[in-house]
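Chain letters run A, B, ... following the sequence lines, proteins first and then strands; every chain starts at 1. Keep in mind it's a predicted model, so treat the numbers as computed, not measured.
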There are 2 protein chains.
Amino acid sequence: MKKITIGEAARKSGVKVPTIRYYEGIGLLREPSRSEGNQRSYEQSDLDRLTFIRHARELGFEVEAIRTLLSLQDNPLQPCATADAIAKARLIEVEQRIRSLMALKAELEMMVEGCGHGRVDQCRVIEVLADHAQCTHHGH
Amino acid sequence: MKKITIGEAARKSGVKVPTIRYYEGIGLLREPSRSEGNQRSYEQSDLDRLTFIRHARELGFEVEAIRTLLSLQDNPLQPCATADAIAKARLIEVEQRIRSLMALKAELEMMVEGCGHGRVDQCRVIEVLADHAQCTHHGH
DNA sequence: CTTGCACCTCTAGCCACTAGAGGATGTAGG
DNA sequence: CCTACATCCTCTAGTGGCTAGAGGTGCAAG
(Lines give C-alpha, C1' and ligand atoms only; values in the text may rest on other atoms or scores of the structure.)
Protein backbone atom coordinates (compact mmCIF):
# COMPACT_ATOMS: atom_id res chain seq x y z
CA MET A 1 0.00 0.00 0.00
CA LYS A 2 1.71 3.14 -1.13
CA LYS A 3 2.00 6.21 1.03
CA ILE A 4 -0.06 9.21 0.04
CA THR A 5 1.10 12.57 1.39
CA ILE A 6 -1.37 15.23 2.41
CA GLY A 7 -0.46 17.26 -0.67
CA GLU A 8 -1.21 14.37 -2.99
CA ALA A 9 -4.42 13.66 -1.13
CA ALA A 10 -5.37 17.31 -1.63
CA ARG A 11 -4.70 17.16 -5.37
CA LYS A 12 -6.55 13.91 -5.82
CA SER A 13 -9.57 14.75 -3.70
CA GLY A 14 -9.89 18.41 -4.52
CA VAL A 15 -9.88 19.28 -0.81
CA LYS A 16 -7.23 21.79 0.24
CA VAL A 17 -4.41 20.76 2.57
CA PRO A 18 -5.44 22.91 5.55
CA THR A 19 -9.03 21.79 5.08
CA ILE A 20 -7.96 18.14 5.29
CA ARG A 21 -6.22 18.86 8.57
CA TYR A 22 -9.31 20.75 9.71
CA TYR A 23 -11.54 17.75 8.90
CA GLU A 24 -9.22 15.56 10.93
CA GLY A 25 -9.44 18.05 13.79
CA ILE A 26 -13.23 17.95 13.88
CA GLY A 27 -13.29 14.18 13.52
CA LEU A 28 -14.70 13.82 10.01
CA LEU A 29 -11.55 12.07 8.92
CA ARG A 30 -9.63 9.52 10.97
CA GLU A 31 -6.11 10.36 12.16
CA PRO A 32 -3.86 8.86 9.52
CA SER A 33 -0.66 7.02 10.27
CA ARG A 34 2.52 9.05 10.21
CA SER A 35 5.88 8.77 8.51
CA GLU A 36 9.06 8.65 10.57
CA GLY A 37 9.28 12.39 10.17
CA ASN A 38 5.76 12.79 11.59
CA GLN A 39 4.12 13.48 8.25
CA ARG A 40 0.58 12.26 7.56
CA SER A 41 0.30 9.22 5.35
CA TYR A 42 -3.04 8.43 3.72
CA GLU A 43 -4.56 5.41 2.00
CA GLN A 44 -7.05 5.05 -0.81
CA SER A 45 -9.93 4.73 1.65
CA ASP A 46 -9.08 8.18 3.02
CA LEU A 47 -9.22 9.60 -0.49
CA ASP A 48 -12.63 8.04 -1.01
CA ARG A 49 -13.84 9.54 2.23
CA LEU A 50 -12.44 12.95 1.30
CA THR A 51 -14.16 12.82 -2.07
CA PHE A 52 -17.42 11.87 -0.37
CA ILE A 53 -17.05 14.83 1.98
CA ARG A 54 -16.17 17.25 -0.79
CA HIS A 55 -19.11 16.15 -2.85
CA ALA A 56 -21.47 16.46 0.08
CA ARG A 57 -20.14 19.92 0.91
CA GLU A 58 -20.65 20.98 -2.70
CA LEU A 59 -24.24 19.86 -2.38
CA GLY A 60 -24.48 22.16 0.61
CA PHE A 61 -24.77 19.55 3.35
CA GLU A 62 -23.58 20.80 6.71
CA VAL A 63 -20.71 19.13 8.46
CA GLU A 64 -23.03 17.56 11.04
CA ALA A 65 -25.17 16.06 8.27
CA ILE A 66 -22.04 14.74 6.60
CA ARG A 67 -20.95 13.18 9.87
CA THR A 68 -24.23 11.27 9.92
CA LEU A 69 -24.02 10.31 6.25
CA LEU A 70 -20.48 9.02 6.75
CA SER A 71 -21.49 6.92 9.71
CA LEU A 72 -24.30 5.47 7.59
CA GLN A 73 -21.79 4.67 4.88
CA ASP A 74 -19.72 2.87 7.48
CA ASN A 75 -22.71 0.72 8.49
CA PRO A 76 -24.18 -0.45 5.20
CA LEU A 77 -26.71 -2.83 6.74
CA GLN A 78 -28.68 -0.10 8.45
CA PRO A 79 -31.91 1.15 6.89
CA CYS A 80 -31.32 4.20 4.77
CA ALA A 81 -34.28 6.21 6.05
CA THR A 82 -31.95 8.64 7.79
CA ALA A 83 -29.90 9.27 4.66
CA ASP A 84 -33.09 9.75 2.74
CA ALA A 85 -34.43 12.21 5.29
CA ILE A 86 -31.21 14.24 5.26
CA ALA A 87 -31.22 14.44 1.47
CA LYS A 88 -34.91 15.34 1.39
CA ALA A 89 -34.42 18.07 3.96
CA ARG A 90 -31.56 19.46 1.92
CA LEU A 91 -33.68 19.31 -1.22
CA ILE A 92 -36.40 21.34 0.43
CA GLU A 93 -33.84 23.89 1.60
CA VAL A 94 -32.45 24.17 -1.91
CA GLU A 95 -35.90 24.60 -3.41
CA GLN A 96 -36.73 27.35 -0.94
CA ARG A 97 -33.42 29.04 -1.57
CA ILE A 98 -34.04 28.97 -5.31
CA ARG A 99 -37.47 30.50 -4.90
CA SER A 100 -36.07 33.18 -2.66
CA LEU A 101 -33.23 33.95 -5.07
CA MET A 102 -35.65 34.17 -8.01
CA ALA A 103 -37.58 36.85 -6.12
CA LEU A 104 -34.34 38.69 -5.41
CA LYS A 105 -33.36 38.39 -9.04
CA ALA A 106 -36.63 39.98 -10.13
CA GLU A 107 -36.16 42.79 -7.70
CA LEU A 108 -32.55 43.41 -8.67
CA GLU A 109 -33.51 43.42 -12.35
CA MET A 110 -36.15 46.01 -11.66
CA MET A 111 -33.56 48.12 -9.87
CA VAL A 112 -30.94 47.78 -12.57
CA GLU A 113 -33.32 48.31 -15.47
CA GLY A 114 -34.83 51.35 -13.83
CA CYS A 115 -31.44 53.00 -13.40
CA GLY A 116 -31.19 55.85 -15.85
CA HIS A 117 -27.48 56.35 -15.12
CA GLY A 118 -28.21 59.80 -13.93
CA ARG A 119 -27.71 61.13 -10.45
CA VAL A 120 -28.27 59.28 -7.22
CA ASP A 121 -31.38 61.26 -6.37
CA GLN A 122 -33.13 59.70 -9.36
CA CYS A 123 -31.55 56.30 -8.97
CA ARG A 124 -33.95 53.41 -8.84
CA VAL A 125 -31.39 51.24 -7.03
CA ILE A 126 -31.17 53.54 -4.04
CA GLU A 127 -34.85 54.35 -4.18
CA VAL A 128 -36.00 50.74 -4.04
CA LEU A 129 -33.63 49.98 -1.21
CA ALA A 130 -34.93 52.93 0.77
CA ASP A 131 -38.57 52.11 0.14
CA HIS A 132 -39.45 48.51 0.63
CA ALA A 133 -43.04 49.17 -0.46
CA GLN A 134 -41.80 49.32 -4.05
CA CYS A 135 -40.90 45.67 -4.09
CA THR A 136 -43.16 43.46 -6.09
CA HIS A 137 -42.12 40.49 -4.00
CA HIS A 138 -42.79 40.83 -0.35
CA GLY A 139 -41.54 37.48 0.77
CA HIS A 140 -38.57 39.04 2.45
CA MET B 1 -39.34 64.71 18.05
CA LYS B 2 -40.23 61.72 20.10
CA LYS B 3 -37.66 59.37 21.52
CA ILE B 4 -37.43 55.92 20.03
CA THR B 5 -35.83 53.24 22.18
CA ILE B 6 -33.65 50.56 20.65
CA GLY B 7 -36.37 47.99 21.26
CA GLU B 8 -38.94 50.06 19.39
CA ALA B 9 -36.46 50.66 16.59
CA ALA B 10 -35.96 46.91 16.38
CA ARG B 11 -39.68 46.24 16.18
CA LYS B 12 -40.26 48.93 13.58
CA SER B 13 -37.27 48.16 11.37
CA GLY B 14 -37.19 44.39 11.71
CA VAL B 15 -33.55 44.49 12.75
CA LYS B 16 -32.80 42.80 16.07
CA VAL B 17 -31.58 44.82 19.02
CA PRO B 18 -28.06 43.35 19.21
CA THR B 19 -27.74 43.73 15.45
CA ILE B 20 -28.57 47.42 15.68
CA ARG B 21 -25.80 47.83 18.25
CA TYR B 22 -23.52 45.81 16.00
CA TYR B 23 -24.28 48.09 13.04
CA GLU B 24 -23.44 51.07 15.20
CA GLY B 25 -20.17 49.40 16.19
CA ILE B 26 -19.09 48.87 12.60
CA GLY B 27 -20.14 52.37 11.62
CA LEU B 28 -23.15 51.59 9.43
CA LEU B 29 -25.37 53.53 11.78
CA ARG B 30 -24.49 56.80 13.51
CA GLU B 31 -24.14 56.86 17.29
CA PRO B 32 -27.54 58.02 18.49
CA SER B 33 -28.08 60.48 21.28
CA ARG B 34 -28.63 59.03 24.73
CA SER B 35 -31.17 59.43 27.45
CA GLU B 36 -30.14 60.60 30.90
CA GLY B 37 -29.77 56.99 31.88
CA ASN B 38 -27.44 56.33 28.94
CA GLN B 39 -30.00 54.58 26.79
CA ARG B 40 -29.93 54.99 23.02
CA SER B 41 -32.55 57.29 21.56
CA TYR B 42 -33.32 57.11 17.84
CA GLU B 43 -35.12 59.32 15.34
CA GLN B 44 -37.16 58.56 12.25
CA SER B 45 -34.11 58.99 10.01
CA ASP B 46 -32.37 56.17 11.89
CA LEU B 47 -35.37 53.93 11.29
CA ASP B 48 -35.21 54.74 7.57
CA ARG B 49 -31.54 53.88 7.51
CA LEU B 50 -32.11 50.63 9.38
CA THR B 51 -34.85 49.66 6.96
CA PHE B 52 -32.56 50.43 4.04
CA ILE B 53 -29.86 48.25 5.59
CA ARG B 54 -32.23 45.40 6.33
CA HIS B 55 -33.61 45.47 2.82
CA ALA B 56 -30.13 45.50 1.30
CA ARG B 57 -29.04 42.61 3.54
CA GLU B 58 -32.10 40.64 2.48
CA LEU B 59 -31.06 41.20 -1.10
CA GLY B 60 -27.71 39.68 -0.13
CA PHE B 61 -25.56 42.79 -0.37
CA GLU B 62 -22.47 42.61 1.79
CA VAL B 63 -21.92 45.11 4.53
CA GLU B 64 -19.16 46.85 2.56
CA ALA B 65 -21.49 47.25 -0.42
CA ILE B 66 -24.17 48.63 1.88
CA ARG B 67 -21.68 51.09 3.31
CA THR B 68 -21.11 52.37 -0.23
CA LEU B 69 -24.82 52.43 -1.07
CA LEU B 70 -25.55 54.38 2.11
CA SER B 71 -22.89 56.94 1.35
CA LEU B 72 -24.42 57.35 -2.10
CA GLN B 73 -27.80 57.87 -0.54
CA ASP B 74 -26.27 60.57 1.62
CA ASN B 75 -24.91 62.38 -1.46
CA PRO B 76 -27.82 62.44 -3.90
CA LEU B 77 -26.11 64.66 -6.46
CA GLN B 78 -23.45 62.11 -7.31
CA PRO B 79 -23.78 60.04 -10.47
CA CYS B 80 -25.36 56.69 -9.73
CA ALA B 81 -22.96 54.56 -11.77
CA THR B 82 -21.52 53.03 -8.61
CA ALA B 83 -24.90 52.02 -7.25
CA ASP B 84 -25.75 50.57 -10.63
CA ALA B 85 -22.51 48.59 -10.74
CA ILE B 86 -23.04 47.19 -7.25
CA ALA B 87 -26.57 46.10 -8.08
CA LYS B 88 -25.47 44.57 -11.39
CA ALA B 89 -22.67 42.65 -9.71
CA ARG B 90 -25.11 41.32 -7.15
CA LEU B 91 -27.54 40.36 -9.92
CA ILE B 92 -24.85 38.34 -11.66
CA GLU B 93 -23.97 36.61 -8.39
CA VAL B 94 -27.61 35.76 -7.81
CA GLU B 95 -28.02 34.38 -11.32
CA GLN B 96 -24.96 32.18 -10.91
CA ARG B 97 -26.15 30.99 -7.54
CA ILE B 98 -29.54 30.08 -9.00
CA ARG B 99 -27.93 28.09 -11.81
CA SER B 100 -25.73 26.27 -9.35
CA LEU B 101 -28.65 25.51 -7.04
CA MET B 102 -30.71 24.19 -9.95
CA ALA B 103 -27.95 21.69 -10.68
CA LEU B 104 -27.84 20.68 -7.02
CA LYS B 105 -31.60 20.32 -7.01
CA ALA B 106 -31.46 17.95 -9.96
CA GLU B 107 -28.79 15.90 -8.28
CA LEU B 108 -30.61 15.78 -4.96
CA GLU B 109 -33.83 14.74 -6.71
CA MET B 110 -31.99 11.93 -8.42
CA MET B 111 -30.67 10.79 -5.07
CA VAL B 112 -33.99 11.00 -3.29
CA GLU B 113 -36.00 9.38 -6.09
CA GLY B 114 -33.52 6.54 -6.37
CA CYS B 115 -33.76 5.74 -2.70
CA GLY B 116 -35.71 2.50 -2.34
CA HIS B 117 -35.93 2.89 1.45
CA GLY B 118 -34.01 -0.29 1.86
CA ARG B 119 -30.62 -0.68 3.46
CA VAL B 120 -27.75 1.73 3.22
CA ASP B 121 -25.74 -0.56 0.96
CA GLN B 122 -28.37 -0.10 -1.74
CA CYS B 123 -29.01 3.55 -1.00
CA ARG B 124 -28.72 5.88 -3.90
CA VAL B 125 -28.07 8.85 -1.63
CA ILE B 126 -24.92 7.37 -0.18
CA GLU B 127 -23.90 5.87 -3.49
CA VAL B 128 -24.06 9.13 -5.41
CA LEU B 129 -22.16 10.95 -2.72
CA ALA B 130 -19.45 8.33 -2.79
CA ASP B 131 -19.16 8.26 -6.55
CA HIS B 132 -19.11 11.65 -8.14
CA ALA B 133 -19.01 10.10 -11.62
CA GLN B 134 -22.72 9.34 -11.21
CA CYS B 135 -23.61 13.01 -11.26
CA THR B 136 -25.23 14.23 -14.39
CA HIS B 137 -24.11 17.74 -13.63
CA HIS B 138 -20.38 18.10 -13.36
CA GLY B 139 -20.25 21.81 -12.77
CA HIS B 140 -19.15 21.25 -9.20
C1' DC C 1 25.54 19.77 1.05
C1' DT C 2 22.53 22.98 -0.06
C1' DT C 3 18.40 24.65 -2.03
C1' DG C 4 13.74 24.92 -1.91
C1' DC C 5 9.36 22.96 -1.56
C1' DA C 6 6.21 20.48 1.25
C1' DC C 7 5.20 19.40 5.59
C1' DC C 8 4.39 20.26 10.86
C1' DT C 9 1.82 22.88 14.95
C1' DC C 10 -0.36 26.69 16.71
C1' DT C 11 -2.88 30.90 16.87
C1' DA C 12 -5.70 34.32 14.93
C1' DG C 13 -8.84 36.04 11.44
C1' DC C 14 -12.86 36.05 8.24
C1' DC C 15 -18.27 37.35 7.95
C1' DA C 16 -22.36 38.84 10.07
C1' DC C 17 -24.12 38.08 13.64
C1' DT C 18 -25.79 35.71 18.24
C1' DA C 19 -25.56 34.35 23.14
C1' DG C 20 -24.72 35.13 27.69
C1' DA C 21 -22.89 37.32 31.96
C1' DG C 22 -23.54 40.80 35.11
C1' DG C 23 -25.35 45.03 36.07
C1' DA C 24 -28.26 49.63 35.38
C1' DT C 25 -32.64 51.90 34.02
C1' DG C 26 -37.46 52.65 33.29
C1' DT C 27 -42.27 51.81 34.15
C1' DA C 28 -46.61 49.92 36.07
C1' DG C 29 -49.05 48.43 39.97
C1' DG C 30 -49.81 48.33 44.97
C1' DC D 1 -42.28 55.00 47.97
C1' DC D 2 -41.46 50.21 47.05
C1' DT D 3 -41.27 46.29 44.33
C1' DA D 4 -41.45 43.57 40.26
C1' DC D 5 -40.16 43.02 35.89
C1' DA D 6 -39.09 44.22 31.22
C1' DT D 7 -35.78 46.53 28.84
C1' DC D 8 -31.60 48.55 28.52
C1' DC D 9 -26.26 48.85 29.10
C1' DT D 10 -21.23 46.93 28.14
C1' DC D 11 -18.28 43.35 27.40
C1' DT D 12 -16.53 38.96 25.97
C1' DA D 13 -16.86 34.78 23.57
C1' DG D 14 -18.98 31.66 20.29
C1' DT D 15 -21.02 30.25 15.63
C1' DG D 16 -19.64 27.61 10.81
C1' DG D 17 -16.31 26.34 7.76
C1' DC D 18 -12.71 27.31 6.72
C1' DT D 19 -8.18 30.44 5.58
C1' DA D 20 -3.82 32.93 6.59
C1' DG D 21 0.36 33.41 8.73
C1' DA D 22 4.27 32.59 11.95
C1' DG D 23 7.92 29.87 12.98
C1' DG D 24 9.93 25.62 12.52
C1' DT D 25 11.10 20.53 10.46
C1' DG D 26 11.45 16.85 6.70
C1' DC D 27 12.78 15.30 2.38
C1' DA D 28 14.27 14.77 -2.47
C1' DA D 29 16.91 16.62 -6.40
C1' DG D 30 21.05 18.45 -8.11
Side-chain angles (χ1 to χ4, degrees), chain A residues 2-29 31-42 46 49-50 52-70 86 89-90 93 97 100 104 140, chain B residues 2-29 31-42 46 49-50 52-70 86 89-90 93 97 100 104 140:
Chain A
K2 90 173 167 58
K3 289 178 204 166
I4 302 172
T5 67
I6 196 169
E8 248 180 288
R11 271 188 299 284
K12 289 188 178 160
S13 68
V15 179
K16 287 181 197 156
V17 169
T19 307
I20 294 176
R21 287 196 279 251
Y22 168 72
Y23 286 159
E24 181 185 325
I26 61 168
L28 270 197
L29 207 62
E31 291 184 26
S33 54
R34 301 282 185 137
S35 75
E36 293 200 359
N38 195 36
Q39 304 202 350
R40 287 169 181 82
S41 172
Y42 293 98
D46 298 307
R49 208 168 168 89
L50 270 174
F52 185 104
I53 296 170
R54 188 188 55 117
H55 194 186
R57 285 293 300 138
E58 283 169 351
L59 287 168
F61 290 103
E62 290 176 7
V63 163
E64 280 319 297
I66 297 175
R67 209 187 287 281
T68 307
L69 291 169
L70 281 167
I86 290 174
R90 179 64 192 142
E93 269 174 40
R97 191 91 187 102
S100 151
L104 298 196
H140 58 275
Chain B
K2 91 175 168 57
K3 289 179 204 168
I4 304 172
T5 68
I6 196 168
E8 247 181 290
R11 271 188 300 282
K12 288 188 177 162
S13 68
V15 178
K16 288 179 197 157
V17 168
T19 307
I20 295 177
R21 288 196 279 250
Y22 170 72
Y23 286 158
E24 180 185 324
I26 62 169
L28 271 197
L29 208 64
E31 292 183 26
S33 54
R34 301 280 186 138
S35 74
E36 292 201 1
N38 196 36
Q39 305 202 350
R40 287 171 182 80
S41 172
Y42 293 97
D46 298 308
R49 207 168 170 91
L50 270 175
F52 186 105
I53 296 170
R54 187 186 57 116
H55 193 187
R57 286 293 302 137
E58 282 169 352
L59 287 168
F61 290 103
E62 292 176 5
V63 164
E64 280 319 297
I66 297 174
R67 209 186 286 283
T68 306
L69 291 169
L70 282 168
I86 291 174
R90 179 64 192 142
E93 270 174 40
R97 191 90 189 104
S100 152
L104 299 196
H140 59 274

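- The phosphate of C:dC8 (OP1 or OP2) has a side-chain N or O of A:R21 nearer than 4.0 angstrom.
- Counting heavy atoms from C-beta outward, A:Y42 and A:K12 have side chains that stay 4.5 Å or more apart.
- The nearest whole Å value for the distance from the OH atom in A:Y42 to the P atom in C:dA6 is 16 Å.
- What separates CZ of B:F61 from P of C:dC15 is a distance of 18 Å, to the nearest Å.
- Separating the CD1 atom in B:I66 from the CG atom in B:L28 is a distance of 6.5 Å, to the nearest 0.5 Å.
- The side chain of B:R34 contributes an N or O atom lying less than 4.0 Å from OP1 or OP2 of D:dT10.
- Atom OH in B:Y23 sits 8.5 Å away from atom CG in B:L50 (nearest 0.5 Å).
- The closest side-chain heavy-atom distance from B:R34 to B:R40 is below 4.5 Å.
- Here D:dC9 presents its P atom at 18 Å from OH of B:Y22, a figure rounded to the nearest Å.
- The distance between atom CD of B:E64 and atom C1' of C:dC14, rounded to the nearest whole Å, is 13 Å.
- Residues from residues 8-19 of chain B that place a heavy atom under 4.0 Å from any atom of DNA chain D: there are none.
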- Query: Just by protein heavy atoms under 4.0 Å, how would nucleotides 23-28 of chain C read 5' to 3' in B, S and -?
  - Reply: --SS--
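- With rounding to whole Å, A:R54 atom CZ is found 16 Å from D:dC18 atom C1'.
- Residue order along DNA chain C, read from the 5' end via each residue's closest nucleotide, puts A:I6 first among B:E62 and A:I6.
- Between B:R40 and D:dC9 there is a side-chain polar atom (N or O) within less than 4.0 angstrom of OP1 or OP2.
- Two residues are said to be in side-chain contact when any heavy atoms from C-beta on lie closer than 4.5 Å; B:R21 and B:I6 meet this criterion.
- Ion pairing of A:E8 with A:R11 is absent here, as no side-chain N (NZ or NE/NH1/NH2) approaches a carboxylate O to less than 4.0 Å.
- Atom pair B:I20:CD1 and D:dT10:P shows a separation of 13 Å (rounding to whole Å applied).
- B:E93 has a carboxylate O that lies under 4.0 Å from a charged side-chain N of B:R90, or vice versa, which qualifies the two as a salt bridge.
- Looking at A:S33 and A:K3, their side chains never come closer than 4.5 Å, going by heavy atoms from C-beta outward.
- For A:Y23, a side-chain nitrogen or oxygen approaches OP1 or OP2 of D:dC18 to under 4.0 Å.
- You'll find the side chain of B:R49 reaches within 4.5 Å of the side chain of B:L29, heavy atoms only.
- One interatomic measurement links the two molecules: CD of B:E24 to P of D:dC8, which rounds to 14 Å at whole-angstrom precision.
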